[in-house]
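All values derive from a computational prediction rather than experimental measurement. Below, read A as the first sequence line, B as the second, and so on, with proteins coming before strands; counting in each chain starts at 1.
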There are 2 protein chains.
Amino acid sequence: MFAVKSGALVSGGYILVVDDEPAICDMIQTCLELAGFKVRLSANGALAHQMIINDRPDLVILDWMMPMMSGLELTRRLKREDATADLPVIMLTARTEEDDRINGLESGADDYISKPFSPRELVARVRAVLRRTNALVDDVPLTVGQLSLDRSAQTAAIAGQAISLGPLEYRLLEFFVLHQNRVFSRGQLLDRVWGGNVYVDERTVDVHIRRLRKALAPEQQDEMIQTVRGAGYRFSPVDSSAKES
Amino acid sequence: MFAVKSGALVSGGYILVVDDEPAICDMIQTCLELAGFKVRLSANGALAHQMIINDRPDLVILDWMMPMMSGLELTRRLKREDATADLPVIMLTARTEEDDRINGLESGADDYISKPFSPRELVARVRAVLRRTNALVDDVPLTVGQLSLDRSAQTAAIAGQAISLGPLEYRLLEFFVLHQNRVFSRGQLLDRVWGGNVYVDERTVDVHIRRLRKALAPEQQDEMIQTVRGAGYRFSPVDSSAKES
DNA sequence: GCTAATTGTGACACTTTTGTGAAGTTGATG
DNA sequence: CATCAACTTCACAAAAGTGTCACAATTAGC
């Protein structure tokens with residue numbers, strides 16, 4: 001379970017904000033702290049570099065335009081040095097300029113926000129990136145309850161017992177595990193699991209859901225995958241639904 | 001990809017354009033409809049205010065300079081009134097004046113466009129904001145007192161205990177939570193929750209209200225949903241004191 | 001208090017959505 | 001070319017959600 005919903009960071013680490021404009025820094029710090037994150041500031045690129053190497057913050061928010069060392073330069077250096085390979089970075093770009101955006105993303109930033117931005121947007125982006133990367137960090141043991149996935153091997157196991165899944169079933173399961181407690185329509189699943197422009201009967205999803213359920217059923221409590229009538233499906237392992245009639 | 005790419009709104013809602021210049025309205029409407037959005041216009045700030053409260057459009061495009069009620073004033077009022085509002089707003093500013101921009105953003109606008117603008121820019125901005133806020137929906141837990149809704153999971157819980165609701169019950173509850181302390185006639189509820197042109201006995205609403213109440217009853221003090229005789233129903237979590245004929 | 005109107009309640013039937021098994025299709029592999 | 005595995009489609013069964021009704025309970029007006 002990721003503590004992301006409440007805003008707290010899993011590792012108890014902090015978010016590093018690298019920007020030389022005090023006003024922006026202030027605003028970001030306030031927003032993020034209100035949202036429950038720990039924040040540290042740095043106005044100096046080189047210094048930030050040190051902090052990153054030493055502390056390994058959970059996330060870096062980086063201004064693209066800075067006097068000493070540009071944000072772009074910094075991300076490039078970080079990605080190159082590789083020690084911080086999977087450090088999530090959000091870039092602050094000056095304005096909605098295509099060029100900046102592209103550069104930022106190419107140099108390894110995970111997301112970008114163009115100034116000016118709303119506090120809500122900031123927090124949303126931060127959460128989104130953390131959610132993504134938290135899920136990705138532990139590339140090997142992706143586990144929830146009795147269920148564990150091995151992403152590199154594309155296999156799943158329940159209580160240590162490997163279960164056999166077709167490729168599609170596996171991807172479906174992985175997608176669900178990465179997006180727990182959310183309802184996805186059949187269309188969305190076709191988009192994101194099947195992979196885009198497919199002309200496939202939406203009912204096909206049902207069939208694969210069924211297979212997945214069948215594979216998951218023997219051990220764990222049944223209702224890992226719940227049907228949301230008229231809407232789609234939802235994966236939530238700790239199901240604690242109150243029954244009444 | 002999601003339906004956003006094609007321009008369609010997830011919720012089937014529409015974009016509200018508030019501007020008093022017919023030429024601008026026309027241009028915006030044309031552009032957006034070409035891009036596949038549903039659009040509605042309003043030249044009057046106060047009227048727009050009503051539409052927003054009642055319909056909850058997916059996005060509001062707001063002229064900052066308007067005779068009756070300035071765009072700025074309107075956004076301020078909106079943000080202040082409805083604590084649960086998370087309505088994306090794009091401001092149209094007269095020209096690129098720093099002041100306007102800052103005011104717009106401080107008052108909660110998510111983006112601004114300065115006139116004159118190109119159709120392409122307009123559509124791009126609209127898409128950007130919608131994409132952002134679509135992601136936002138999941139992160140904002142909709143909660144009131146002991147009750148909390150998770151819109152992305154389409155679930156409700158009281159004091160952490162999940163309660164089971166049918167699709168219609170859930171939608172009804174969500175609608176009520178989004179529009180607290182307002183009385184809705186059965187007809188209005190049929191329009192908004194059932195989704196428009198349905199030929200259904202109005203008494204049906206009663207039945208579903210009852211089911212909802214039943215699901216909500218066990219824990220929280222009863223009268224979350226109050227009956228307003230001769231008028232309809234009202235959701236108001238805390239108080240239940242003031243009675244009026 | 002009485003009557004008329006309005007709302008609450010439970011049961012039941014109807015409709016839509018989903019589950020299920022098997023047959024058909026596709027594409028890769030030897 | 002045959003075979004196999006994975007995926008899709010289809011038809012039918014099952015389930016869940018929803019609408020309607022008859023009747024009980026409540027409220028308002030007189």
Please give me the minimum heavy-atom distance between A:Asn181 and A:Ser236, naming the atom from each residue. OD1-CB, 2.7 Å

Rounded distance in Å - CG (A:Asp206) to C1' (D:dC10): 13 Å

Under 4.0 Å between a side-chain N/O of B:Tyr233 and OP1 or OP2 of C:dG8, yes or no? yes

Using a cut-off of strictly less than 4.0 Å, decide whether B:Arg213 has a side-chain nitrogen or oxygen near OP1 or OP2 of C:dG8. yes

Integer-rounded Å distance: D:dT26 C1' and B:Gln226 CD: 17 Å

Check whether any side-chain nitrogen or oxygen of B:Thr227 sits under 4.0 Å from OP1 or OP2 of C:dG8, and answer yes or no. yes

I'd like to know if A:Arg229 reaches the base of D:dA15 with its side chain such that a donor and an acceptor end up less than 3.5 angstrom apart. yes

When the ring planes of A:Phe184 and A:His179 are compared, do they come out parallel, tilted or perpendicular, using 30° and 60° as the limits? perpendicular

Tell me what A:Glu169 touches on the nucleic acid: a base, only sugar-phosphate, or nothing, going by heavy atoms under 4.0 Å. sugar-phosphate

Separation of A:Leu212 atom CG from D:dA6 atom P, in whole Å? 14 Å

Pair A:Thr227-A:Arg213, side-chain donor/acceptor within less than 3.5 Å: yes

Hey, which of these two, B:Arg186 or B:Arg210, hits DNA chain C nearer its 5' end, going by closest nucleotide? B:Arg186

Nearest-Å distance for atom pair CD/P, residues B:Glu202 and D:dC21: 14 Å

Walk me through whether B:Leu16 and B:Leu59 qualify under side-chain contact (heavy atoms from CB on, under 4.5 Å). CA-CA 6 Å; B:Leu16 176 62; B:Leu59 170 68; over 6 Å; no

Should the pair B:Asp150-A:Arg182 be classified as a salt bridge under the 4.0 Å nitrogen-to-oxygen rule? no

Expressed as a whole number of angstroms, how long is the span from A:Arg234:CZ to C:dT18:P? 13 Å

Tell me: CD1 of B:Ile209 to P of D:dT18, nearest whole Å? 14 Å

Mark yes or no for a side-chain to base donor-acceptor pair under 3.5 Å between B:Arg211 and C:dG10, with no hydrogen or angle criteria applied. no

Does OP1 or OP2 of D:dC7 have a side-chain N or O of A:Trp194 closer than 4.0 Å? no

Between A:His208 and D:dT8, does any side-chain N or O lie under 4.0 Å from OP1 or OP2? yes

